[in-house]
Amino acid sequence: MAPHYQATTLIASPSYPDAITWSSDNLVAVASGHIVTILNPAALDGPRGLVVLRPRDPFPIGVVSREDLFEPSLVPTSLARDTEPCARSVSWSQQGFAPNSGCLLAVCTVDGHVNLYRPPVSEFCDDWVKVADISQLLFNYYQNINFGEDDGPSFPQEKANIDHAPQEKLNNKHTLDTGYAGELQEPLSLRGPGRRKRKPVR
């Protein structure tokens with residue numbers, strides 16, 4: 001009787017929940033440390049595809065200066081930080097996105113980089129080819145718009161000016177009609193708690 005499962009060897013054991021995924025064109029990607037292994041379940045002893053992760057500089061967002069790493073509140077974080085590249089999760093695209101009508105493989109690392117890979121064109125090559133760096137594209141986009149900090153008009157100030165414009169017009173009309181320069185009372189909805197004005201004594 002044939003076994004219901006097949007065994008194969010890996011460089012290291014997966015350490016994250018989303019480290020194993022199966023594509024619609026019958027390939028299995030297994031992320032183990034800094035290497036993602038692409039297996040063909042129909043031929044586990046045959047050739048394998050590989051995605052090798054290499055160290056990269058972090059994005060300059062919220063960067064802490066080196067001298068501040070020795071502060072008591074940051075020492076545990078700096079000591080526990082893993083500087084080696086490691087794949088945290090992998091995911092396949094739908095079939096047909098790769099040049100050979102296959103699937104693209106997305107790899108997310110522990111330092112927040114997301115890259116897309118396609119199978120190699122040559123059968124004698126086992127390294128998959130990187131086609132896009134999604135994290136770099138997203139960073140460049142937000143850098144071009146200054147991270148959205150410049151397109152925010154001062155809505156509270158404009159709203160305050162709009163709210164007080166009718167009241168000022170009423171005060172001016174009251175002055176012309178009666179010759180009294182006292183302010184008309186504001187509606188109760190515009191007053192804060194405990195802010196009640198007395199009526200002018202004639």
Side-chain angles (χ1 to χ4, degrees), residues 10-41 47-71 73-155:
L10 298 172
I11 297 175
S13 60
S15 54
Y16 289 96
D18 296 329
I20 302 175
T21 181
W22 202 314
S23 72
S24 56
D25 58 347
N26 199 32
L27 292 177
V28 177
V30 182
S32 50
H34 69 288
I35 291 180
V36 179
T37 307
I38 295 94
L39 305 171
N40 185 354
R48 299 179 173 186
L50 294 176
V51 173
V52 181
L53 304 177
R54 292 174 174 81
R56 297 186 55 180
D57 295 331
F59 290 110
I61 302 175
V63 178
V64 179
S65 58
R66 184 173 295 276
E67 56 270 14
D68 291 338
L69 291 176
F70 298 100
E71 293 292 329
S73 59
L74 293 178
V75 166
T77 304
S78 61
L79 292 178
R81 182 183 175 187
D82 189 4
T83 58
E84 295 297 324
C86 180
R88 180 164 188 166
S89 64
V90 288
S91 180
W92 293 100
S93 71
Q94 295 295 325
Q95 192 170 2
F97 282 87
N100 59 348
S101 299
C103 302
L104 294 177
L105 178 65
V107 179
C108 178
T109 62
V110 293
D111 56 354
H113 289 275
V114 178
N115 297 319
L116 292 181
Y117 297 88
R118 65 166 176 81
V121 177
S122 173
E123 297 180 356
F124 300 100
C125 182
D126 55 358
D127 289 335
W128 279 43
V129 182
K130 183 170 73 172
V131 295
D133 187 340
I134 303 300
S135 301
Q136 188 65 52
L137 293 174
L138 187 62
F139 175 77
N140 292 341
Y141 168 75
Y142 281 113
Q143 194 175 36
N144 290 335
I145 64 172
N146 198 19
F147 297 93
E149 294 182 357
D150 290 340
D151 31 325
S154 54
F155 291 109

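Not measured: the values here are computed from a predicted model.
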Query raised in the report: Under the side-chain contact (heavy atoms from CB on, under 4.5 Å) criterion, do Thr37 and Leu39 qualify, and how do the steps go?
Result: CA-CA 6 Å; Thr37 307; Leu39 305 171; 3.6 Å; yes

Query - Chi angles and distances behind the side-chain contact (heavy atoms from CB on, under 4.5 Å) call for Val36, Leu50 - result: CA-CA 6 Å; Val36 179; Leu50 294 176; over 6 Å; no

Query raised in the report: What do the steps show when you test Leu116 against Ile134 for side-chain contact (heavy atoms from CB on, under 4.5 Å), and what is the final call?
Result: CA-CA 7 Å; Leu116 292 181; Ile134 303 300; 4.0 Å; yes

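At least one donor-acceptor pair closer than 3.5 Å links the side chain of Ser135 to the backbone N or O of Gly112. Of the possible polar contacts, none joining the Ser91 side chain to the Ala106 backbone as a donor-acceptor pair under 3.5 Å is found. Proximity of a side-chain donor or acceptor of Asn146 to a complementary backbone N or O of Gly148 within less than 3.5 Å is not detected.
At a threshold of 4.5 Å between non-hydrogen side-chain atoms, the residues Val30 and Pro14 count as touching. Contact annotation: the side chain of Leu138 never approaches that of Gln136 to less than 4.5 Å [non-hydrogen atoms, C-beta and beyond]. Using a 4.5 Å heavy-atom threshold, the side chains of Leu105 and Val90 count as touching. Looking only at side-chain heavy atoms (C-beta outward), Tyr117 and Val131 stay at 4.5 Å or farther from each other. Residues Trp92 and Leu27 are in side-chain contact: their nearest non-hydrogen atoms beyond the backbone lie under 4.5 Å apart. Using a 4.5 Å heavy-atom cutoff, the side chains of Val28 and Thr21 are not in contact. Looking at Arg56 and Asn115, their side chains come closer than 4.5 Å, going by heavy atoms from C-beta outward. At a threshold of 4.5 Å between non-hydrogen side-chain atoms, the residues Pro85 and Asp111 do not count as touching.
For Arg48, the CZ atom sits in a packed shell: over 12 heavy atoms of surrounding residues, nucleotides or ligands are nearer than 6.0 Å.
Summarising the geometry of Ala87 relative to Tyr16, their closest heavy-atom pair is O-CD1, 3.7 Å, with the distance given to 0.1 Å. Cys86 and Leu53 make their closest contact through C-CD1, 3.8 Å (heavy atoms, listed as atom of the first residue, atom of the second, distance). Here the closest non-hydrogen pair linking Cys103 and Trp128 is O-CZ3, 4.2 Å.
Expressed to the nearest 0.5 Å, how far CZ of Phe147 lies from CZ of Phe139 amounts to 4.5 Å. With rounding to the nearest 0.5 angstrom, the CZ atom of Arg88 is 10.0 Å from the OG1 atom of Thr109. Once rounded to the nearest 0.5 Å, the distance linking CD of Gln94 with OG of Ser24 reads 6.0 Å.
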